[in-house]
Structures are given as C-alpha cells and as structure tokens.
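Following: one structure in structure tokens, then a few remarks.
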There are 2 protein chains.
Amino acid sequence: MAATIKDVAKKANVSISTVSRVLSNQMHVSSSTYKRIQDAVAELNYIPNSSAVSLVKKSSTTVLYADSFYKGRPYENPHMFDIISGSSHELRKKGYFLGLLDLDCSKEKAEEQIINAIQSKKADGILINGYYVTPAIEKILLATDFPHICIGKPSFDSMLSWIDTNHSLSSNLAITHLVSLGHKKIAFVGGSDKDNIYRDRFLGYRLSLERNNLSPRDAYVIPTSCNLEEIIQHTTELLRLPEPPDSILCFNSLIAVGVIQAIRQFHLRIPEDISIVSFDNYPYAPLITPSLTVVDIDMYSLGTRAGASLLKKIQNPEMLIQTYTALPHLIQRDSTVLHSET
Amino acid sequence: MAATIKDVAKKANVSISTVSRVLSNQMHVSSSTYKRIQDAVAELNYIPNSSAVSLVKKSSTTVLYADSFYKGRPYENPHMFDIISGSSHELRKKGYFLGLLDLDCSKEKAEEQIINAIQSKKADGILINGYYVTPAIEKILLATDFPHICIGKPSFDSMLSWIDTNHSLSSNLAITHLVSLGHKKIAFVGGSDKDNIYRDRFLGYRLSLERNNLSPRDAYVIPTSCNLEEIIQHTTELLRLPEPPDSILCFNSLIAVGVIQAIRQFHLRIPEDISIVSFDNYPYAPLITPSLTVVDIDMYSLGTRAGASLLKKIQNPEMLIQTYTALPHLIQRDSTVLHSET
DNA sequence: CTGTTAGCGCCTTCAA
DNA sequence: TTGAAGGCGCTAACAG
C-alpha cells in the first residue's frame, strides 16, 4: 500500500541508491535529479519504512522508559510522569521516540523484560527507574555496554550511570528558610526509613540543623504513612510534648494536610504559632488553607537532563554519568509567612 | 555482538529455517533437534532482532499513544496517565509495546507527526487523544485503514473509532445522590463551555434535574476557571442570591476547594447547610475538610478497554468501535453525609 | 522432518 | 554524478 523507495526511484527515473542518497542528504547529486526525486517523494507521500532503516542502520531511534505503570500510580506519583514528559521532549528534538517498558512487579520478570528489550534491539538506550535496578540488570547493562541512565541512584553501589535530585539539598532549603524566620524547634513529619528519598531528606534535615547550630531531637522526627488518622495521631503527640516544635517540615503535601488538621485541634495559628513547610508543589498546595510553603523540585527538567544524558551515552557508551542535579526551589506561601489577606 | 539466528543454527547443526520454526512454535520438528535448538538458544542468549522480524512480518508489535506531554501536565491531568497505564497493561499482555508520540502543540505539526508515524510503519495502531484529532487526521486514518482508537470522542462527527466515558451519566449519579438527600436547589460550579467534558457533564446535570422534576435555574450555573479568587468570587455571588442553593456540584476537586472556602466565609456548615459533590477522586479529596463526596471515573480501566479495542481493530481494521463505557461511581464522604467523627 | 531460496525495504560499498 | 550488487536478520513458501 504505502510507497517504497523503489516506487520513488521508478517515478523519478533513477536507481534506488540515488534516492537513498538524497534522502540522507549526502549530496553528490545533481540538482536536477535532486529535484525530480524530491517531487516524486512528495507526490507519493514517501516515508522510509522504519523497520528496514533500523535493520540496516542498527539503530531504532527509540529509547525505552522502564518503570512500573500500575493502576493509580499517576495519582500517587505524578512526578514520574513529569520526568517521562521531560525526557520525551528532549529525545524528540533529536528524532528519538520514547517507548514504555511496563515492568512486571516481580523482579525476575522485570529482569527478563529488560534483557529481552536489550537483546532484541528494540531500543538504542534505556531510562530506568533506579528503584528497579538489580545487580543482575547492572550486569547485563554493563556487559552489553547498553546506553542507560537510571532515574534515581540505584540502592547499591554500581558502575551504572544515574541522575538524581539532591534531596538533601531540598531539606536544606526548607530548613534555611525556617531558620531565617527565627524558628529553632523544627520537627520532621512523615516518610519511611525504607524510602531512599526519605533517608536523603532526613540526612539533609539533620545536617542543616547542625549547620545552624540547632541540636536535632529524636522526639521531633516522626515517620508515618499517609494515612490521615495516623498523621493526626502522631502530630498530636508531637504537639503535646513539653517543648513542642515551632515549625514542621512535612515529607509531602498529603502529610501536611494531616498535620494542619491536627494543629487546628490545638487552636494554634499557622504561621503565627507554628510554621509548615512541605515537599512537592502539588496543584492543591496553593489552595488549601493556609496555602502551603513548599520546596518544589522541577521533575520535568530532571527528565530533560536524563534524556540529554542518555543521548550522550548513545554517542559514547563508555562515558560514566553520575550526577545530582540540584533543582529544588522554595515557593513561599502563607504556611510560613502571611502574604495574602483572605 | 548479539547472537543471530545463524549462530544458533550453526551451534545446533541445523539450518536457519529450522531454528525459525521452533522459535515460532510450528512443530513439525523432531524432538531431538528441537532440544538441540533450545539448548543453543539458551546458551547464546538468543533473542530475535525485532527490526528484522518487523520488516518481514510487517508488524512492529508496537502501538502509539499520541498526546501532548508538556511540562506539568501530569499534575493537572493525572487521568491521562492512568489511561496510558491501563492501555499499556492490556497491550503488554498480548506482546505489544506502547510508544509515546509526543504531539507538537501546533496542529499542523501534530498532523505531520501522525502521518509520519503511520507511513513509516513505526506502529501497528494508535491511541490518540480525541482532542487532537482533526479532519485531516481523520482522513489519513480512514484512507490508510490504520487501526486507531480515539480517547475521547472527537469534537466533530466522524467515522473514526472512539471510546469515552459517559460524563452525562456521571452528573446523573451526583444529582441522584443529592436528590436522595432531599436537596432541590442544586448549583453547578466550574468548567468552561469550550470544554467537551464540561458540556457533557452540564447536559447530564440538566437532564437529571428535569428527570427529578426540578427546574434548572440559570443563576445556579456558574462556569469558572480554576483560579482561586475567581471561584470564591463566583461562589460568593451564588450564596448571596435571594434563594441560594442547598447543594453544589463542582466541576472538579480544585473548584470544590475554592467553593468550600467561600462557604466558610458565610459560616455555613457542610453538609448540614449545604452539600458538596465534585468530580474526580484525587488523592487529597478524602483529606480536605470536609472530605469530599465525589463521582469517580476509573480511567485505568478506560485505558484497558481502549487497549483491548485497539487490539481488535488491529485484527479487523474495518470494525467500527464507538462506545461510551459507563464507569463512574459515587464515593460518599463527609461533604454530603456526615460519617466520621473528627 | 529439514534445507534451500527468495524476498521484506533500505543503506552502502564499489565500479562505471 | 550515478547504478549494480551485496547484505542487515529474519520468515515463509517450496522442494526434497
């Protein structure tokens, strides 16, 4: 049905190799035949068959994004999709496509999927959620010299390339802001020790306190799930301490909502009596009362950089890329400093 | 580097066609050679080159999801990514991959991208956001008999296949709930006439009122943007009416947040004095005060169905699929009926 | 049951 | 500047 290079050659009265030449812009073609061929291409609506090109060029101009796309994930983790959008954008600029590799939840199956994708040459490179990277995957990636970037540093030391945000720096930004407002008793609510991001943010929290000559107190650190009751329960205990905090750093905006509810029950005012800062600028952050001061991370541009880095690795597979890109920034709203009058 | 079918054939001491046979499970192969070949495959870690297979089979086992992946989209519209996740899941089960076709914001460029994807045979089918479908795209899709499903009914009448949620039915669910609680003066806040979904939901709102013998009042219908001040402003006017509503249906949960703030300023209680229902069950819906009663739509399963439908069209391209899948359901929370004690 | 052969559509030397 | 020819890795008749 669709036109092939042969059809174009016939219509332009040249051989297929000449057509191929003008299509790949290798001049050495007389301007008259060049034009004839261009016309034929336009007339026939000719676009090269991508499988044939991939086969002979040994490149699919496709990159895979390997992650798990389970139901409801976009609601709990829109960040991930902003990263995908960013990398897609960057890749597209260079003529690459982004394909999704929907990883099975079972690690063995996921490994198999990745190996399969690499060996079948479905893609020229892979972006892969660092969380899913196992030593077995590292081995195959390294052995085949397959261009890759892990999104988020893998949980074990490795020679893989990765890119990550500086979560520790994010905490630092938040703490610096709170300290500048005169706060000295800063609590940290939410998250779980099992979470890499939590550990990094917690580290930044502690380091930043120390840097500001504030001694960290264990009672001020409260990991919790996102369950509303649990958050309220824990926050209540926190506020009942002999020396309650004067400000709270929340692991995410959902936690913040719970914390705020608990604070209301104590009839404390935000930000006059207690300030709140949280991570992640969800669309509702400015809408809740009080509007949330937030440390935001530009995930889209993380994706952009990941895409650009992968493109570099495709050019030069033995290059090692391991970077923290520091993109957090503070968005100041009513939960720390009163701006707007409602 | 990677093994080819030739390597396997050599190692197993057979011809490549025999290898091909066992790989595609067309028996007619003696069990002894079968085993020899399997062993060779395993030993060499052989996986067929997908470009070569695509070229000869004329099928890439890839499907495209065409939409615009601009920065921040996942936060404003996580639904879209839940649909993507659902379709990816369905497709994967049948051995298909989902690739992203990141549409340019300019309609002409977007058309070009789609045409290019079809002609280059990069994919066997396409899922495409109905919003981006133009008559030009319809023409090429129909002319090439290219398997497609529009996600969301296109804005013009067409012979394309599409799948959509029954937004009108969603409204009906909400109204029925409110009426069952004894409400008679039901307002509808938020959305824009230019929005297809708005028009459908609005239609459902009106029809449902009529079905319940409630006469719609123009003053109760207030389209607005998601800007907080605007929402509050409009809601305030609504509440100042001689006969204010006893319940409000909000176009989405962001609107609901603004509406609730405005109501607070009037010192009205929710749900005692006024009830709130909104669309879309965002993660924060249960967290805000009061927790929101919501009509939720299972977008993941919409994706699942879209994927399944596309697969059918790939089998049978001339099949016409145009369905409203009715998946909304009501999640009852404190903004209409008091459940929990805080 | 197995091997030979002819492509799929394109790129790329190598001659002319 | 152009054309002929030989693959890329695989499948699918067609013989044997």
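In what follows, chains are A, B, ... by sequence order, proteins preceding strands, each numbered from 1. Computed from a prediction, not measured in an experiment: that's the story for all the values here. Keep in mind that the numbers below use all heavy atoms, side chains included, and drop hydrogens, waters and symmetry copies.
- If you check the side chains of A:Glu111 and A:Thr134, you find a donor sitting under 3.5 Å from an acceptor.
- Sequence order on DNA chain C of the closest nucleotides to B:Val14 and B:Lys58 puts B:Val14 first from the 5' end.
- C:dG3 atom P lies 8 Å from atom CD1 of B:Ile37, rounded to whole Å.
- One atom, CZ of B:Arg36, and another, C1' of C:dT2, lie 11 Å apart when rounded to the nearest Å.
- Under the 3.5 Å distance criterion, with hydrogens and angles disregarded, a donor-acceptor pair is assigned to the side chains of B:Ser17 and B:Ser15.
- Residue A:Thr33 is in sugar-phosphate contact alone, with no base atom involved, counting any heavy-atom pair closer than 4.0 Å across all strands shown.
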Can you give the donor-acceptor pairs under 3.5 Å from side chains of residues 303-310 of chain B to other protein atoms, not counting sequence neighbours?
from, atom 1, to, atom 2, distance (Å)
B:Thr304, OG1, B:Tyr300, O, 3.4
B:Ser309, OG, B:Arg305, O, 2.8

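- Ring centroids of B:His79 and A:Tyr75 are separated by less than 6.0 Å, placing the two rings close together.
- Comparing B:Ser32 and A:Leu55, the nucleotide of DNA chain C nearest to each residue sits closer to the 5' end for B:Ser32.
- In this structure, the OH atom of A:Tyr34 is 17 Å from the C1' atom of D:dT2, given to the nearest Å.
- With A:Thr323 contributing its side chain and A:Thr325 its backbone, the two residues share no donor-acceptor pair below 3.5 Å.
- Ion pairing of A:Asp82 with B:Arg73 is absent here, as no side-chain N (NZ or NE/NH1/NH2) approaches a carboxylate O to less than 4.0 Å.
- Comparing the start and finish of the helix from C:dC1-D:dG16 to C:dA16-D:dT1, five pairs each, the helix axis swings through 40°, to the nearest 10 degrees.
- Classification of A:Asp7 and A:Lys11 as a salt-bridged pair fails, no side-chain N sitting under 4.0 Å from a carboxylate O.
- Going from atom CG of B:Asp7 over to atom P of D:dG9 covers 9 Å, rounded to whole Å.
- Of the side-chain N and O atoms in A:Lys121, none sit less than 4.0 angstrom from OP1 or OP2 of D:dC8.
- Judged by distance alone, the side chains of B:Lys121 and B:Ser60 never bring a donor and an acceptor atom under 3.5 Å apart.
- Counted by atom type alone, B:Tyr132 and B:Gln113 present zero donor-acceptor pairs between their side chains at under 3.5 Å.
- What separates CG of A:Leu44 from P of C:dC10 is a distance of 12 Å, to the nearest Å.
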Treat primed atoms plus P, OP1 and OP2 as sugar-phosphate and everything else as base, then score nucleotides 10-16 of chain D 5' to 3': B for base contact with protein heavy atoms under 4.0 Å, S for sugar-phosphate contact only, - for none. SBBB---

